[in-house]
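Here is the structure we will look at.
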Amino acid sequence: MKENTPTEPKASLNFLEQIITNDLASKSTGGKVHTRFPPEPNGYLHIGHAKSICLNFGLAQKFNGKCNLRFDDTNPTREEQEYVDSIKEDVRWLGFDWEDREYFASDYFEQLYEFAVYLVKKGKAYVCAMTAEEISAHRGTPAIPGKESPWRNRGVEENLDLLDRMRKGEFPDGSHVLRAKIDMGSPNMHMRDPVMYRIMHAHHHRTGDNWCIYPMYDWAHGQSDYIEGITHSICTLEFEVHRPLYEWFLNALDLPHLKPRQIEFARLNLTYTVMSKRKLLSLVQDKQVKGWDDPRMPTISGLRRRGYTPASIRMFADRVGVAKRENVIEVGLLEHCIREDLNKNAPRAMAVLNPVKLIIDNYPEGQVEEMPAVINPELPENGTRMVPFSRTLYIEREDFMENPPKKFFRLAPGAEVRLKYAYIIRCEHVVKDADGEISEIHCTYFPETRSGLPSDKKVKGTLHWVCPEHALEAEVRIYDRLFSVPEPEEVEDGQDFRMHLNPDSLKVVKAWVEPYVGDATAGQHYQFERNGYYVIDPDSKTGHLVFNRTVPLRDSWTKVEKNK
RNA sequence: UGUCCUGUGGUGUAAUUGGCAACACGUCUGACUCUGAAUCAGAAAAGUCCAGGUUCGACCCCUGGCAGGACAACCA
């Protein structure tokens, strides 16, 4: 089937594009742009990472450069192959290609070690035997300068020997570290002799037991960027204070080639959402959600299962923009992006989620008509599907009111509406059960108003419907926002963000859907007309359809009602 | 009582570098409609954190405040 692919030109440049444009003009990066997306494989990617992925790969695309995928795997105690796999799947799913440039910081361990030896020989690094607690105590606070380590002025030969023995495994964890010799009095904490290597006798997912010393982030990252020929190393704001250190290492190494430059941007925040890995993990562990790919999670795998498309997420990343100021994006924008994509591309179907029986008294018993229905009015060339119509139907319970308010365009005693793709009907009377609940709505139909026939008869409302005889039963999972307040992380001391969990974030209902969706497979999107966008969940099996609600249609009627 | 970063409609991002603020989402009207969707037309909404200064002219430059954020893992 044909699909709509939205593209939009962008006039002005964001601050990253401006920097790159200038660098290109001045040839300061050799006329090249080379970025990287550097996840640590210790968890699942979320929508915030998607922003970074779109930024890094997008910038490379826009300026005819390249973008690497690099796993920042310098801490063997937290990282696993499982995460490497999920990250690759997510980046690929988002639509980006790192070609053969799949790298791991752990590939550079040997090179990094040689760099470290160089710094030791230059007198710019030393082995320190203080405990973690002592180092911490000596470091001071942001407002109070630190004190120098007693080991700071050891000779080069001794440092070399100690470093060598650290690598060989002669020392237990925590007994020594290699530190850069910078300035314990620096107002920047990160410059107070930062740790470069720590001893960890741990098995690494890629290097196995080859190493028992592992580089710290600050020591590994910039040098990895350099090794890969990265020109613009784009990261989030919290690394801003690390930049002097990033540059210090690169300078101290007296490197022959072009040095990368670190540029920071403000991370994504979303209303009604938490984004920190720790908090997301706690939701999984406490079983508040069913896993990392629960459709309520802001993880890429969760959004995918929810029914978000790669195009919608890319569009979102484009529209939120990039800057250096803290921001909180309204989820409404994300929802708008998926609606825009799905409106243009998702086939329509009729589904009734909360049925009430409707009987057309003057329609021949036993007769079934196949009504042609447009698959997608935005893509008329995709044709029509046939929907069976009969004397007894299901319509949505909320589409009928015995005592309707004014401007209620739906069904009510004496009122006329169109059944979409079929006939105009008039409600004659209702039948109630013992509890006073409406069990049948009786109507008459006007044969000359059959869809497609010329008829002057006009009605204000159009209802969707389903024929119980032919409809398929389905499980529908109606998802809503996971949190009930815009900023769930804003809690008072002693309170927990989980107090803001939305108790109604998932409702499971039984529904009836028209037959033509029957042979669709997991991941297929639909618009249930007048209701919302849905996607077939991987749990779906033949004979047991499962749909997830991605997002409801905009609804100005219930909005009007609510505002009363 | 340290260092660094950031302050533009409700939200986010612009203003081609000093020429009286634009776009998107949202909101509100109205049109159209066999989806109360989509689409189309229109409106309200900031005078750019504050106070000075430079200038014919400041969101943009200078000075001083104020507010918010980041930084004290052998995490990334």
Side-chain angles (χ1 to χ4, degrees), chain A residues 8 10-14 18 38-40 42 72-75 77-79 128 130-132 135-137 139-146 173-174 176-179 186-192 194-200 213-214 216-218 220-221 235-244 264 266 271 277 318-330 332-337 339-340 343-344 348 350 373-374 377-378 407-410 417-422 424 449 451-452 458-464 486 527-532 552-560:
Chain A
E8 54 212 65
K10 206 170 181 184
S12 57
L13 302 178
N14 64 49
Q18 278 176 28
E40 182 189 11
N42 73 337
D72 218 336
D73 56 348
T74 56
N75 187 344
T77 62
R78 330 206 307 172
E79 295 147 9
C128 177
M130 287 198 291
T131 64
I135 290 178
S136 176
R139 194 164 0 245
T141 73
I144 302 165
D173 289 4
H176 298 272
V177 290
L178 184 72
R179 293 228 254 167
S186 170
N188 183 336
M189 298 287 292
H190 297 278
M191 300 300 272
R192 323 238 264 228
V195 173
M196 295 167 64
Y197 279 104
R198 73 284 215 192
I199 299 171
M200 293 173 106
I213 57 171
Y214 290 94
M216 300 290 290
Y217 166 85
D218 287 301
H221 203 91
C235 62
T236 45
L237 247 31
E238 66 268 30
F239 293 102
E240 208 153 24
V241 279
H242 294 239
R243 191 173 354 120
E264 311 83 16
T271 57
K277 268 186 195 175
D318 188 57
R319 291 190 186 176
V320 297
V322 233
K324 293 192 71 161
R325 71 180 92 119
E326 304 284 341
N327 60 83
V328 185
I329 308 293
E330 296 173 343
L333 183 60
L334 217 210
E335 294 173 346
H336 171 264
C337 290
R339 285 192 187 106
E340 184 169 322
N343 173 52
K344 287 179 183 147
R348 314 283 126 125
M350 291 198 287
V374 178
E378 304 284 330
K407 289 219 171 165
F408 183 79
F409 299 153
R410 285 113 100 142
V417 296
R418 172 171 290 281
L419 294 174
K420 186 149 176 139
Y421 307 124
I424 291 177
T449 61
S451 200
K458 291 272 184 261
V459 289
K460 289 290 256 181
T462 301
L463 306 188
H464 63 277
Q527 183 201 95
F528 288 170
E529 302 207 44
R530 300 211 308 131
N531 182 320
L553 246 34
R554 288 192 59 185
D555 180 2
S556 53
W557 169 244
T558 52
K559 201 189 295 174
V560 167

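It should be emphasised that the depicted structure is a prediction, and the values quoted were computed from it without experimental measurement.
At B/A37, one or more side-chain N or O atoms of A/Ser556 fall inside 4.0 Å of OP1 or OP2 (strictly under the cut-off). Phosphate proximity of B/C4 to A/Arg243: absent, as no side-chain N or O sits under 4.0 Å from OP1 or OP2. For B/A15, one of the phosphate oxygens OP1 or OP2 lies less than 4.0 angstrom from a side-chain nitrogen or oxygen of A/Gln18.
In this structure, A/Gly146 reaches neither bases nor backbone, as no heavy-atom distance under 4.0 Å exists between it and the strands shown. Looking at heavy-atom distances under 4.0 Å, A/Val328 makes contact with sugar-phosphate atoms alone, never a base. At a threshold of 4.0 angstrom between heavy atoms, the contacts of A/Lys460 with the nucleic acid are absent.
The side-chain contact (heavy atoms from CB on, under 4.5 Å) search around A/Pro377 returns A/Arg348, A/Val374, not counting sequence neighbours. In terms of the salt bridge (Lys or Arg N to Asp or Glu O under 4.0 Å) criterion, A/Arg418 has no residue partners (sequence neighbours excluded). Residues forming a salt bridge (Lys or Arg N to Asp or Glu O under 4.0 Å) with A/Arg339 (at least two apart in sequence, or on another chain): none. Scored by the side-chain contact (heavy atoms from CB on, under 4.5 Å) test, A/Val195 finds A/Val177, A/Arg179, A/Met216 as partners (sequence neighbours excluded). With sequence neighbours left out, the salt bridge (Lys or Arg N to Asp or Glu O under 4.0 Å) criterion links A/Glu240 to A/Lys324. Judged as a side-chain contact (heavy atoms from CB on, under 4.5 Å), and not counting sequence neighbours, the contacts of A/Glu238 are A/Thr236, A/Arg267. Judged as a side-chain hydrogen bond (donor to acceptor under 3.5 Å, both in side chains), and not counting sequence neighbours, the contacts of A/Asp72 are A/His221. For A/Asn42, the side-chain contact (heavy atoms from CB on, under 4.5 Å) criterion is met by A/Glu40, A/Arg78, A/Glu79, A/Lys277, not counting sequence neighbours.
Toward the 5′ end of RNA chain B lies the nearest nucleotide of A/Ala323, the other residue of the pair A/Leu419 and A/Ala323 mapping further downstream.
In this entry the distance linking CZ of A/Arg325 with P of B/C59 reads 16 Å, nearest Å. For A/Tyr421 and B/C34, the OH to P distance is 12 Å, given to the nearest whole Å. In this structure, A/Asp555 atom CG and B/G36 atom P are separated by 9 Å, rounded to whole Å. The CZ atom of A/Arg418 sits 5 Å away from the C1' atom of B/C34 (whole-angstrom rounding).
Taking the six-membered ring for Trp and thresholds of 30 and 60 degrees, A/Tyr217 and A/His242 have ring planes more than 60 degrees apart, a perpendicular arrangement.
B/G7 and B/U11: their P atoms are spaced 15 Å apart (whole Å). For B/A21 and B/U48, the C1' atoms lie 8 Å apart once the distance is rounded to whole Å. As rounded to the nearest Å, B/G57 and B/C40 have C1' atoms that lie 40 Å from one another.
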Which letter, B, S or -, goes with each nucleotide of nucleotides 71-76 of chain B from 5' to 3', with contact meaning a protein heavy atom under 4.0 Å?
SBSBBB
If the sugar-phosphate is the primed atoms plus P, OP1 and OP2 and the base is the rest, what is the B/S/- string for nucleotides 20-28 of chain B, using protein heavy atoms under 4.0 Å?
-----BSSS
Pairs counted as Watson-Crick or G-U wobble with both distances under 3.5 Å: what dot-bracket string results for RNA chain B, using | for bases tied to another strand?
.((((((..((((.....[..)))).(((((.......))))).....(((((..]....))))))))))).....
What's touching nucleotides 64-69 of chain B from the protein side, N or O pairs under 3.5 Å?
residue, atom, partner, partner atom, Å
B/G69, O2', A/Glu326, OE2, 2.9

